[in-house]
Novice: 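After the structure tokens below, expect a handful of questions from me.
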Amino acid sequence: MTIKLIATDMDGTLLRDDRTFDYARMEDLLDELDAKGIRFVAASGNQYKKLRSYFNPVNPDRVTYVSDNGALVMNHDEVIAESTITRQQIDRVIAWNNSVNPGMENLIVLSGHNGAYVSNHATPEIIGMVKQFYPVVHQVEKFKNIEDNIFRFTFVWEQGIDVHQHIQQLRAEFGEELHTTGSGFGTVDILAPGVNKRTGLEQLGDIWGIKPEEMAAFGDNGNDLEMLRYVKYPFVMPNAEDFMKVRIDNLAVNDNNHNGVLDTIEALLAGAFDDYASKIFDK
């Protein structure tokens, strides 16, 4: 088994429910990956600054970032690739939402270079919730007046609501013009066409000369599927929803609250999966 790149989702995957991970083990693991010439990539729906902040305890420059579900790829604070959505597309999505959801029962968040943007009608409670995921939050009167490159348009519904119907409605409305995906926590992300975590790995692979046959990845939600289907060694977290386990057969060793990603990577590096890989991944 030859692996040159390992990518992981964050929420529900590497991160425990309290949004931390085992920093000491991660630091040791990064040392081992560096020694073996293996790249470590954090691939998430989070904004770049938020995603990077999770790795402050272990030196964030040791990690490469595929943020905003693939719309922005960064390495050592250098932009590797970025994909934005246009103002016309933003206006169309807002108009669609107004027509099917006149009561505005969802929250709209736009993710850009300079932070996240929400309506100036958002309450302090809503702003506090948004700041859990976005370090910088701007309130605006009109989204169309934002002067920033927008990577991602996010709808947030109440916890517990099944967002799959909204995903299907958006896909039916916009087809191939935009990419729509569920992103966990009752959210639906809309990105430029063809943009997802897989495209981020493709771009990094082209730069570093790494093939998908030399990649492993971890995820737990629908926005991870393209990435997991792209790499040769995909792992779904045991805590993932059942539909993910149907689409990807291979489970990580443990769930997100019990160091599942770290345990599995250590097993991969130790060769514990070599026989397993020859039977499962090479079939």
Side-chain angles (χ1 to χ4, degrees), residues 3-16 19 21 26 29-30 33 38-56 58 60-83 111 133-134 151-152 154 179-185 187-192 194-208 210-237 239-240 244 247-248 250 252 256 260-262 264-265 268:
I3 294 176
K4 297 182 180 179
L5 182 152
I6 297 174
T8 182
D9 173 51
M10 296 299 289
D11 292 299
T13 304
L14 178 64
L15 294 179
R16 297 180 286 228
R19 293 195 170 86
F21 53 87
M26 174 60 77
L29 187 58
L30 289 172
L33 293 176
I38 299 173
R39 305 276 188 166
F40 186 78
V41 178
S44 171
N46 282 284
Q47 275 193 319
Y48 169 63
K49 289 182 179 179
K50 181 65 174 180
L51 186 54
R52 182 180 169 89
S53 72
Y54 285 128
F55 292 91
N56 282 338
V58 297
D61 285 334
R62 305 184 72 182
V63 180
T64 299
Y65 302 93
V66 174
S67 65
D68 283 295
N69 275 330
L72 179 63
V73 182
M74 301 284 292
N75 187 46
H76 293 100
D77 267 340
E78 176 187 355
V79 176
I80 302 298
E82 61 181 359
S83 303
S111 175
F133 300 92
Y134 302 88
F151 301 121
R152 178 166 47 99
T154 298
H179 175 64
T180 303
T181 183
S183 196
F185 301 103
T187 64
V188 175
D189 286 344
I190 299 169
L191 303 113
V195 174
N196 52 61
K197 294 180 183 181
R198 167 184 174 156
T199 59
L201 295 191
E202 287 177 326
Q203 290 156 338
L204 292 173
D206 288 343
I207 293 171
W208 292 333
I210 300 176
K211 303 174 183 177
E213 293 81 12
E214 300 168 320
M215 298 181 184
F218 298 83
D220 78 311
N221 214 318
N223 63 337
D224 300 313
L225 276 173
E226 292 94 350
M227 173 176 72
L228 293 174
R229 287 169 171 161
Y230 177 64
V231 305
K232 183 172 182 179
Y233 307 108
F235 294 91
V236 169
M237 304 306 292
N239 50 281
M244 289 293 293
R247 288 165 174 77
I248 305 294
N250 318 300
N256 68 307
V261 171
L262 300 181
T264 307
I265 293 175
L268 286 169

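Just so you know, these numbers use all the heavy atoms, side chains as well, and skip hydrogens, waters and symmetry mates. Numbers here are sequence positions counted from 1.
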Novice: Drop me the distance from S111's OG to D68's CG, to the nearest 0.5 angstrom.
Specialist: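 So the OG of S111 and the CG of D68 are separated by 3.5 Å.
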Novice: With a 4.5 Å limit on heavy-atom distance, are the side chains of L225 and R198 in contact?
Specialist: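 L225 vs R198: side chains apart.
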Novice: Check whether any side-chain N or O of K197 sits under 3.5 Å from a backbone N or O of A43 as a donor-acceptor pair, and report yes or no.
Specialist: yes
Novice: Could I get the full list of ring-ring contact (aromatic ring centres under 6.0 Å, His included) partners for F21, not counting sequence neighbours?
Specialist: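 Per chain and number, F21 pairs via ring-ring contact (aromatic ring centres under 6.0 Å, His included) with Y23, F55.
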Novice: Mind checking the CZ-CD1 spacing from R39 to I207? Nearest 0.5 Å is all I need.
Specialist: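 One gets 9.5 Å once the value is rounded to the nearest 0.5 Å.
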Novice: Can you tell me how far OH of Y54 sits from CE of M10, rounded to the nearest 0.5 angstrom?
Specialist: 6.5 Å
Novice: Hey, does Y65 have a side-chain heavy atom less than 4.5 Å from the side chain of K49?
Specialist: no
Novice: Donor-acceptor check, side chain of H179 to backbone of G194, threshold 3.5 angstrom: yes or no?
Specialist: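 Absent.
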Novice: Go through F235 and T13 one step at a time and tell me if the side-chain contact (heavy atoms from CB on, under 4.5 Å) criterion holds.
Specialist: CA-CA 10 Å; F235 294 91; T13 304; over 6 Å; no
Novice: Mind checking whether F133 and K50 have side chains closer than 4.5 Å, heavy atoms only?
Specialist: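 They are not in side-chain contact.
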Novice: If you take all heavy atoms of G12 and N239, which pair is closest and at what distance?
Specialist: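 In terms of heavy atoms, the two residues are closest at O-ND2, 2.9 Å.
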Novice: Out of L33, I265, I210, which residue meets the side chain to side chain contact (heavy atoms under 4.5 Å, CB included) rule with I38?
Specialist: L33
Novice: Would you check, one step at a time, whether the test side-chain contact (heavy atoms from CB on, under 4.5 Å) holds for V79 with M74?
Specialist: CA-CA 5 Å; V79 176; M74 301 284 292; 3.4 Å; yes
Novice: Nearest 0.5 Å please: distance from the CG atom of D189 over to the CZ atom of R152.
Specialist: 4.5 Å
Novice: Write down the atom of G219, the atom of D9, and the distance for their closest heavy-atom approach.
Specialist: CA-CB, 4.0 Å
Novice: Could you give me the CA-CA distance, side-chain angles and deciding distance for L228 and M244, then say whether side-chain contact (heavy atoms from CB on, under 4.5 Å) is met?
Specialist: CA-CA 10 Å; L228 293 174; M244 289 293 293; 3.9 Å; yes
Novice: Say whether N221 and D11, considering side chains only, have a donor N or O and an acceptor N or O under 3.5 Å apart.
Specialist: no
Novice: Side-chain contact test, heavy atoms from C-beta onward, threshold under 4.5 Å: evaluate it for P60 versus V63 and give yes or no.
Specialist: no
Novice: Is Y233 close to L268 at the side-chain level, that is, under 4.5 Å between some pair of heavy atoms?
Specialist: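 No, side chains not in contact.
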Novice: Would the distance check show the side chain of T199 and the main-chain N or O of V195 forming a donor-acceptor pair, the cut-off being under 3.5 Å?
Specialist: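 Between the backbone of V195 and the side chain of T199 there is no qualifying donor-acceptor contact (under 3.5 Å).
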Novice: Salt bridge between E214 and K4, side-chain N to carboxylate O under 4.0 Å?
Specialist: yes
Novice: How close do I248 and R229 get, counting heavy atoms only, and between which atoms?
Specialist: CD1-CG, 4.1 Å
Novice: On a heavy-atom basis, which atom in S83 and which in A192 lie closest, and how many Å separate them?
Specialist: CB-CB, 4.2 Å
Novice: Which atom names give the shortest non-hydrogen contact between N256 and M237, and what distance separates them?
Specialist: N-CE, 3.7 Å
Novice: A side-chain contact here means heavy atoms from C-beta on lying under 4.5 Å apart; do T8 and F40 qualify?
Specialist: yes
Novice: Please find the pair of heavy atoms, one from F218 and one from M227, that lie closest to each other, and give the distance.
Specialist: O-CE, 3.6 Å
Novice: Under 4.5 Å between any side-chain heavy atoms of V66 and L204, yes or no?
Specialist: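 Yes, side chains in contact.
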Novice: Can you find a heavy atom in the side chain of N196 that is under 4.5 Å from one in the side chain of Y230?
Specialist: no
Novice: Measure the spacing between CG of L191 and CG of L72 and express it to the nearest 0.5 Å.
Specialist: 11.5 Å
Novice: Once rounded to the nearest 0.5 Å, what's the spacing between atom CG of N46 and atom CG of L51?
Specialist: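 Output value for this atom pair is 6.0 Å.
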